[in-house]
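First the structure, in the form of structure tokens, and then the observations on it.
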Amino acid sequence: EVHLVESGGGSVQAGGSLRLSCAASGWTSFDEPVIGWFRQAPGKEREAISCLSSSDGKTFYADSVKGRFTISTDNAKTMVYLQMNSLKPEDTAVYYCAGDPTLRVWGLAPAGEYKYWGQGTQVTVSS
């Protein structure tokens with residue numbers, strides 16, 4: 001069973017930075033997972049903001065975070081990061097990482113495509 005655990009959330013002022021981590025365990029040696037970052041603000045749908053394909057290293061971003069957020073990893077089967085710079089109040093949300101062992105992506109995939117999810121970490125950006 002795959003487990004994903006997010007950390008690194010917190011409260012920052014607008015213009016600040018945070019780095020989220022997604023610690024993973026349980027992937028097999030055959031898995032080449034896609035890891036995605038999502039966020040959900042109160043009263044809004046869960047939004048895909050970035051993903052990384054471990055099979056080819058490709059990364060994708062939502063327009064809302066492009067140029068400000070960076071997804072990275074040393075080993076996608078153990079840890080994936082989301083560096084968030086120039087944070088805005090509208091970035092306030094619960095942030096989730098998700099993973100899937102068989103998904104193949106050519107852009108951001110919707111939440112329903114991912115099999116495994118973390119519990120989420122709160123990010124609050126004040127103006």
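In this structure a side-chain-to-backbone donor-acceptor pair under 3.5 Å is missing from Lys115 to Pro101. A distance-only check finds no donor-acceptor pair linking the side chain of Asp31 to the backbone of Pro33 [under 3.5 Å]. Put simply, the side chain of Glu6 gets close to the backbone of Gln119: a donor and an acceptor are under 3.5 Å apart. No donor-acceptor distance shorter than 3.5 angstrom exists from the side chain of Thr124 to the backbone of Thr92, with no hydrogens or angles considered. Checked by atom type and distance alone, the side chain of Lys77 pairs as donor or acceptor with a backbone atom of Ser29 at under 3.5 Å.
Taking the charged nitrogens against the carboxylate oxygens, Lys66 and Asp63 do have a contact shorter than 4.0 Å, which makes a salt bridge. Residues Glu90 and Arg39 are not paired through a salt bridge, judged by the lack of any N-O separation under 4.0 Å between the basic side chain and the carboxylate.
Ring geometry for Tyr95 against Phe69 counts as tilted: the plane angle lies between 30° and 60°, on a 0 to 90° scale.
The two atoms that bring Leu18 and Leu87 nearest to each other are N-CD1, 3.8 Å, heavy atoms only. Across every non-hydrogen atom of Gly9 and Leu20, the tightest pair is N-CD2, 3.6 Å. Here the shortest heavy-atom pairing between Leu4 and Gly99 reads CD1-N, 3.5 Å. The heavy-atom pair separating Gln122 from Val94 by the smallest distance is OE1-CG2, 3.2 Å.
Tyr116 and Ile49 end up in the same hydrophobic cluster when Ile, Leu, Val, Met, Phe, Trp and Tyr side chains are linked at under 4.5 Å. No single ILVMFWY cluster, assembled from side-chain heavy atoms under 4.5 Å apart, contains both Ile35 and Trp117. Linking Ile, Leu, Val, Met, Phe, Trp and Tyr whenever their side-chain heavy atoms come within less than 4.5 Å puts Val105 and Phe38 in one cluster. When hydrophobic clusters are built by joining Ile, Leu, Val, Met, Phe, Trp and Tyr residues whose side-chain heavy atoms come closer than 4.5 Å, directly or via intermediates, Phe60 is not grouped with Val80.
Atom OG of Ser127 and atom NZ of Lys88 lie 13.5 Å apart (nearest 0.5 Å). Interatomic distance, Glu32 CD to Ser54 OG, rounded to the nearest 0.5 Å: 5.5 Å. Taken from CG in Asp91 to OG in Ser86, the straight-line distance is 9.5 Å, to the nearest 0.5 Å.
Defined by atom type and a distance below 3.5 Å, a donor-acceptor pair is present between the side-chain atoms of Ser55 and Ser53. In this structure, a donor-acceptor pair under 3.5 Å is present between the side chains of Glu47 and Ser64.
For the pair Arg19 and Tyr81, the cation-pi test (distance below 6.0 Å, angle within 45°) is passed.
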Residues Ile71, Tyr61; criterion side chain to side chain contact (heavy atoms under 4.5 Å, CB included); working and verdict: CA-CA 9 Å; Ile71 190 170; Tyr61 298 92; 3.4 Å; yes
Cys51 vs Tyr114, side chain to side chain contact (heavy atoms under 4.5 Å, CB included): CA-CA, chis, key distance, verdict: CA-CA 11 Å; Cys51 70; Tyr114 290 86; 3.5 Å; yes
Test log, rule side chain to side chain contact (heavy atoms under 4.5 Å, CB included), inputs Val123 and Met84: CA-CA 10 Å; Val123 171; Met84 306 187 297; 3.9 Å; yes
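Of the listed residues (Leu52, Leu108, Leu82, Val65), just one forms a side-chain contact (heavy atoms from CB on, under 4.5 Å) with Trp37, and that residue is Leu82.
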